[in-house]
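Here's the structure, in structure tokens; my notes come after.
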Amino acid sequence: MNRPHRGAAGSRGLGTMEVKSKFGAEFRRFSLERSKPGKFEEFYGLLQHVHKIPNVDVLVGYTDIHGDLLPINNDDNYHKAVSTANPLLRIFIQRKEDADYSAFGTDTMTRKKNVLSNVLRPDNHKKKPHIVISMPQDFRPVSSIIDVDILPETHRRVRLYKYGTDKPLGFYIRDGSSVRVTPHGLEKVPGIFISRLVPGGLAQSTGLLAVNDEVLEVNGIEVSGKSLDQVTDMMIANSRNLIITVRPANQRNNVVRNSRTSGSSGQSTESSLPSSTPNILANLLHGEEESDEEDIVIEDSGEPQQIPKAAPTTESLELLTQIELLHESTQNGFLPSSEMNLNHSAGSISMEFEVPDPERKPLEEDGTIITL
Amino acid sequence: MRRFLRPGHDPVRERLKRDLFQFNKTVEHGFPHQPSALGYSPFLRLMAIGTRSGAIKLYGAPGVEFMGLHEENNTVMQIHFIPDQCQLVTLLDDNSLHLWSLKQHSGASELREEHRFTLKGPPGSPPSATQITAVLAHSSREVLYLGTESGNIFVVELPSFKALEDRTITSEAVLQRVPEDYCNRRSCELVEALREHPKNPDQILIGYSRGLIVLWDVQNNKATHHFLGNQQLENLYWQKDGSKFISCHYDGSYTQWPVSSDNRQPEPLENLVPYGPFPCKAISKIYWQTTKNGLPYIIFQGGMPRASYGDRHSISVVHGSQQTAFDFTSRVIDFFIIFSSEPAAEFDDPSAMVVLAEEELVVIDLKTTGWPAVHPPYLASLHCSAITCSHHVSNIPLKLWERIISAGSKQNIHYSTMPWPIDGGTNIAPDPPQRDLLLTGHEDGTVRFWDASGVCLHLLYKLSTVRVFLTDADPNDNMNTLGEDEWPPLRKVGTFDPYSDDPRLGIQKIYLCKYSGYLAVAGTAGQVLVMELNDEDAEHVVDHAEADLLQDQEGYRWKGHEKLRTREGPVRFEAGFQPFVLVQCQPPAVVTSLALHSEWKLVAFGTSHGFGLFDHQQKRLVFVKCTLHPSDQLALEGPLSRVKSLKKSLRQSFRRIRRSRVSSRKRRGASGNASEVQEANAKFDQDTLQEMELAPVQRKIEARSAEDSFTGFVRTLYFADTFLRDSSRHCPSLWAGTNGGTVYAFCLRVPPAERRMDEPVRAEQAKEIQLMHRAPVVGILVLDGRSTPLPEPLEVAHDLSKSPDMQGSHQLLVVSEEQFKVFTLPKVSSKLKLKLTALEGCRVRKVTVANFGSCKTDDYSENDLAVLTNLGDIQIISLPFLKLQIRYPCIRKEDVSGIASCVFTKYGQGFYLISPSEFERFSLSTKWLVEPRCIVNMPEVTSNNHVHNRPGVENTARKSRNSGDYGEDERKSGRLMEHALLNDEKVLKEIQSTLEGGR
């Protein structure tokens with residue numbers, strides 16, 4: 001996205017700001033007074049004017065400094081866009097009827113590259129009616145259903161975002177037994193179940209977990225064979241970003257998979273556990289790295305700061321070990337656990353893994369339920 | 001791609017791991033939990049102890065030990081060695097018999113179970129018909145006589161356990177010639193005792209519980225003598241020459257009976273109630289031992305006056321005018337006398353008495369006047385006072401070792417100098433590679449120093465911290481002082497004393513610097529003592545300081561125990577570790593962490609309220625830091641455990657009383673009991689199951705917050721010389737980790753040695769790290785530029801470690817219960833981590849750096865973390881890359897106290913308590929392995945030992961490989977001659993000449 005005229009823009013005075021606006025295949029350039037950006041409605045009108053689309057309802061978006069596509073729909077985010085634009089404010093305009101909401105968002109680590117292609121080639125997406133309640137990104141997520149495409153329909157993977165809320169997680173688990181279908185017929189096996197939801201707690205307020213739901217996995221790790229205390233410890237250890245896979249006691253509210261998902265993922269409908277590897281993967285890619293809590297350090301009684309990551313990342317460290325392995329062949333033992341899972345599964349599930357992104361996104365969108 | 005290499009599939013590393021790591025449970029130290037039976041073989045000079053859990057342990061010379069476990073896990077009721085064999089028979093409470101053998105296998109002896117057998121009665125007979133009450137292993141080594149509850153005596157062949165029905169001695173046959181009126185009064189009832197005639201193996205003495213004693217001729221299958229006792233019989237003992245025997249009774253009496261060919265129904269010679277005339281308790285076992293001077297040793301168990309001394313566990317030794325009733329600290333399980341096993345000896349000449357009590361083993365020297373106790377080299381009662389903590393120090397310098405031993409030897413002067421009398425077998429294990437000390441802290445305020453280098457955990461020295469404090473109990477109050485003319489002449493023996501006068505004295509943390517001899521111990525009431533080793537007795541004042549850990553915090557009220565009161569003025573200390581500084585934390589909460597730096601002369605201590613640093617050179621408190629969270633009220637109120645523990649101990653003592661009542665009549669209706677217990681258990685299980693269904697166990701899932709209780713609890717303290725502020729200058733530092741996941745780092749300024757007394761030590765907080773997962777910090781470690789853990793203080797000065805690399809950048813390893821994290825220093829940035837709980841659901845309980853050497857090459861070793869989790873697994877994690885190397889299941893996860901008691905050594909071994917009195921030793925290393933390796937050969941008799949080596953003799957059809965055995969009397973030599981005749985005339989001549997010479 002680096003344009004050659006960046007330098008030119010930088011050479012201008014601080015008072016004006018360059019705006020580059022795109023609608024369909026057309027670009028328009030103009031400048032704004034940085035100190036007096038005006039109101040959003042004026043800006044909206046200006047855009048309609050410069051693009052000569054006075055009667056078309058459009059959605060306005062801009063790319064922020066991280067490259068994320070963010071909406072401009074009120075004065076506040078308009079001012080934010082103006083104040084953070086440096087040196088150039090890039091505007092993307094879409095017709096409201098073929099707008100792709102999923103292109104917006106902050107959670108774009110994995111899709112960053114596709115932001116443009118989504119916008120540039122909206123034909124990739126089949127048009128479908130949306131019930132627009134509001135822009136998802138106007139709210140902070142507290143929970144979501146994830147990995148709908150790779151899970152059997154009888155299972156539900158729920159992510160609770162404890163981070164930033166004062167609400168307690170608010171649920172209890174217990175031992176119990178569940179019935180499984182095995183080659184030898186029905187078999188009673190011990191399981192872990194949700195036993196109670198605390199009124200007003202995060203778990204209850206999401207509506208995604210219920211009493212007597214069987215807990216199958218915690219952050220991608222199967223709980224079968226683990227004791228109640230072990231599962232409790234695992235959940236508490238993951239409490240900042242807890243992902244629980246459950247088999248809901250009430251199977252009537254399951255997410256109905258869209259028929260378009262033809263063959264892109266395992267269509268297993270049997271009630272036994274799916275092979276957990278792809279699930280782990282999905283989780284790790286989603287959650288592990290980005291959401292991992294950072295420790296805090298106070299140096300010399302100063303201000304608390306987040307502890308940064310040391311220069312060698314895990315990956316280069318991995319390399320380090322390999323090099324060491326070559327040299328003295330004494331060090332390398334197991335790879336760290338996250339890599340471990342990855343390696344185990346790398347061969348066997350490459351198919352699931354290479355599901356093209358555009359295919360996946362609508363799916364995810366279907367599954368995502370945002371609550372307050 | 002290389003990074004997609006499958007974990008653990010690097011063949012080179014895998015091979016190396018095999019050379020480095022290996023898990024073994026090697027030996028059990030201490031005293032067996034709940035012993036239930038004792039046996040001794042004078043021939044092998046081995047002792048056997050059976051337990052309620054079905055274990056059987058053999059002990060001989062120090063280092064010679066064997067262990068076996070019955071599959072059934074039932075109580076071992078009796079142990080009988082087969083005479084002159086490497087075999088023994090055990091009787092369990094399920095009425096099964098088991099034959100065990102010591103066999104040589106790849107150069108060492110092993111204990112193995114060979115056969116098992118349950119006596120079957122005729123169809124339709126009640127279970128009591130075959131309930132075994134007495135066992136006689138006949139000297140022919142071919143048969144076992146089994147006395148039963150029904151009064152019948154069954155004979156089974158060895159080793160096949162084939163029942164010889166034609167040889168059964170029925171009670172009807174026995175009663176044939178008994179006078180009518182005696183018969184009517186009492187039936188035979190159960191067989192209490194079976195004793196073989198010392199001279200004539202064809203005669204066995206049968207004692208029935210109602211008092212009838214019969215001498216039975218095995219050859220002719222009939223009774224030759226009847227002894228009509230009229231007291232309930234407890235036991236029998238033959239005198240050495242077979243002319244008399246002695247019976248002991250339920251009413252506390254014993255009776256001597258003559259055996260002669262002219263009187264078939266003799267009257268008793270003497271009937272005596274030693275502690276009469278008032279009603280006495282039963283004498284359950286008796287020995288009559290002859291000596292040269294004519295005065296016999298009469299040794300009997302029990303017999304105390306019922307009303308005043310009925311609760312004593314006593315064994316009385318009577319020798320002429322000398323009489324002592326040894327008063328044991330716990331119930332006597334059984335005892336035996338070691339006497340002359342010289343075959344030609346005319347007299348028994350007892351040398352030692354070995355008593356197995358429920359909680360300890362006591363050996364009394366009968367040769368030395370005053371009958372002092374012998375210090376056992378093994379089977380130490382670790383739980384004399386309950387163990388509250390342990391600390392292991394590897395590789396003790398010889399100098400310190402000798403000084404500790406010398407201090408200990410001054411404490412042991414009241415012990416006998418007799419060499420250990422149970423000396424069978426040969427220890428062939430290599431000498432321990434280094435001198436290791438295991439220090440155990442106890443509830444009564446003592447620290448015991450154990451030699452943990454080898455198989456025998458041996459008490460070297462006992463340190464008491466009680467003298468520093470004023471306690472309710474006067475230390476001079478000696479329970480043992482009894483007047484000269486006391487009757488009965490009771491004398492307390494043994495060290496088991498589980499009742500602490502003051503729980504505040506309990507030792508909680510120990511740190512010993514092996515180079516300087518400085519020792520720091522900390523206890524339950526916030527007391528921290530710093531001690532120095534002194535080879536002489538000394539009297540001095542202990543400097544006293546107080547550390548107010550709450551500082552300016554207000555509104556707190558400590559509801560726990562008071563601090564200990566200290567003794568004013570100088571205190572006399574015996575040679576050994578003598579305290580010179582006492583720091584008392586305020587509030588006096590239990591000390592939860594302790595660190596000592598002997599080079600900087602600093603001691604750091606932490607409680608649930610905060611931590612402090614004390615300069616023990618200048619005797620000055622350097623600083624305190626309160627770690628309390630303002631909302632944490634619980635931490636302030638102090639432990640309520642005292643109330644709880646009182647309740648618990650009351651409950652336990654009641655249980656103990658009940659148990660001893662149940663087990664005092666040892667075998668009555670054992671089978672009935674068992675089924676009752678089973679039934680009760682089943683009912684209990686059902687009840688609990690129902691209860692569970694009513695109210696299922698649930699666990700709350702909640703993120704930890706800063707407001708949780710006991711977040712300020714200081715879990716770990718660590719001194720390090722590292723780069724705390726900038727990367728150019730390193731400085732001494734103190735690190736502390738709390739229960740709430742906080743790490744504090746203080747920069748210390750320690751004046752140089754020459755100005756050490758003049759300038760104060762200064763400390764300044766440099767860093768505070770809050771782990772966001774807030775799990776308790778259980779370990780802090782700094783790795784040097786080569787990623788090697790920093791050496792211990794003074795280690796470098798003693799040339800025992802390379803000096804740390806101060807050029808490269810240091811790293812900080814923080815171990816929480818949930819994660820391992822490596823940070824860079826001096827700027828704290830996170831480098832790598834290993835999540836444990838999030839992935840496996842287990843938590844770190846113990847962690848240590850251990851050095852693992854390769855068993856293949858001497859020049860390779862590496863440092864790894866040895867980790868014990870709450871599930872009882874041991875994991876080895878590599879440094880500095882934090883990769884899981886290997887995992888072993890070690891302790892059952894339900895065994896919480898076992899997990900809590902675990903202590904690792906610096907070289908990949910460890911100890912944990914498997915019972916209050918036993919440490920299990922385990923090894924993770926291929927190189928450092930301490931396990932018993934010993935050999936038991938058939939003893940040789942000097943006069944004709946060459947016979948022993950003749951293959952012809954060894955291969956004789958009879959099971960007596962030990963043709964070298966001379967036997968204790970003519971009977972055996974007779975047998976021997978038979979053998980010799982079969983094989984070698986020359987040998988025969990030699991034997992004959994020896995025998996003649998002997999006469």
Side-chain angles (χ1 to χ4, degrees), chain A residues 162 168-176 195-196 203 219 221 223 226-240 293-301 304 307-312 314-315 317-319 321-322 325 329-337 339-340 342-344 346, chain B residues 2-8 10 12-13 16-17 692 696-704 725 741 764-773 775 818-819 821-824 827-843 860 862 870-871 878 881-886 893:
Chain A
K162 167 74 177 127
L169 283 169
F171 66 100
Y172 290 73
I173 56 172
R174 63 166 168 91
D175 277 318
S195 63
R196 196 181 136 201
N219 288 53
I221 313 283
V223 304
K226 291 194 158 58
S227 70
L228 183 63
D229 287 331
Q230 263 175 290
V231 178
T232 306
D233 282 343
M234 284 168 70
M235 286 189 174
I236 292 176
N238 286 305
S239 58
R240 300 246 145 197
E293 69 268 10
E294 282 312 325
D295 303 327
I296 288 171
V297 63
I298 302 171
E299 304 258 0
D300 293 325
S301 312
I307 295 179
K309 282 252 186 315
T314 333
E315 201 172 308
L317 199 108
E318 216 44 67
L319 260 167
T321 2
Q322 300 300 336
L325 182 142
S329 309
T330 58
Q331 262 311 326
N332 183 47
F334 288 110
L335 299 162
S337 42
E339 261 80 7
M340 195 164 96
L342 208 126
N343 296 337
H344 270 311
Chain B
R2 289 211 69 98
R3 57 177 300 217
F4 283 106
L5 257 186
R6 292 194 170 223
D10 167 27
V12 181
R13 178 65 194 169
L16 182 63
K17 272 157 70 173
M692 261 164 63
V697 182
Q698 31 174 26
R699 294 279 184 275
K700 190 178 184 185
I701 307 299
E702 208 43 80
R704 262 185 293 262
R725 283 246 167 84
E764 200 178 339
Q765 181 163 340
K767 288 186 199 314
E768 181 180 330
I769 300 171
Q770 176 61 55
L771 302 177
M772 283 318 276
H773 65 285
E818 296 185 352
Q819 299 186 4
K821 285 196 155 180
V822 174
F823 299 97
T824 56
K827 169 134 183 59
V828 177
S829 51
S830 66
K831 204 161 171 190
L832 70 153
K833 71 175 163 226
L834 174 64
K835 285 186 172 185
L836 191 68
T837 313
L839 296 174
E840 295 181 30
C842 58
R843 314 169 128 262
Y860 182 78
E862 62 177 49
N870 65 335
L871 303 180
S878 72
F881 294 107
L882 300 182
K883 292 180 197 306
L884 176 66
Q885 299 297 300
I886 211 152
K893 69 171 180 227

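The chains referred to below are lettered A, B, ... by the order of the sequence lines, with proteins before strands, and numbering in each begins at 1. No experiment lies behind these values; they were computed from the predicted model shown.
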Salt bridge (Lys or Arg N to Asp or Glu O under 4.0 Å) evaluation trace for A:D229 with B:K893: CA-CA 11 Å; A:D229 287 331; B:K893 69 171 180 227; over 6 Å; no
Counting C-beta onward and ignoring hydrogens, is there a side-chain heavy-atom pair between A:Y172 and B:I701 closer than 4.5 Å? no
Chain A contact via B:L871 - side chain, backbone, both or neither, heavy atoms under 4.5 Å: side chain
By a 4.5 Å heavy-atom criterion (distance strictly below it), what part of B:A766 contacts chain A: side chain, backbone, both, or neither? both
Which bit of B:E702 is near chain A, if near means a heavy-atom gap under 4.5 Å: side chain, backbone, both or neither? both
When the 4.5 angstrom heavy-atom criterion is applied to B:E764 and chain A, the contacting part is neither
Given A:D295, which partner from the list B:K767, B:K821, B:K833 fulfils the salt bridge (charged side-chain N to carboxylate O under 4.0 Å, His left out) test? B:K821
Nearest heavy-atom neighbours spanning A:V297 and B:I769: CG2-CG1, 3.8 Å
B:E862/B:R13 ion pair, N-O < 4.0 Å: yes
Quick check on B:R843 against chain A: is it the side chain, the backbone, both or neither that has a heavy atom closer than 4.5 Å? side chain
Could you check which of B:Q765, B:E840, B:K827 has the highest count of heavy-atom pairs closer than 4.5 Å to chain A? B:E840
Which one of A:V231, A:V223, A:I307, A:L228 has the most heavy-atom pairs closer than 4.5 Å to chain B? A:I307
State, yes or no, whether a side-chain contact exists between B:Q698 and A:F171 at a heavy-atom distance under 4.5 Å. no
Can you say whether B:T837 sits under 4.5 Å from chain A via the side chain, the backbone, both, or neither, judging by heavy atoms? both
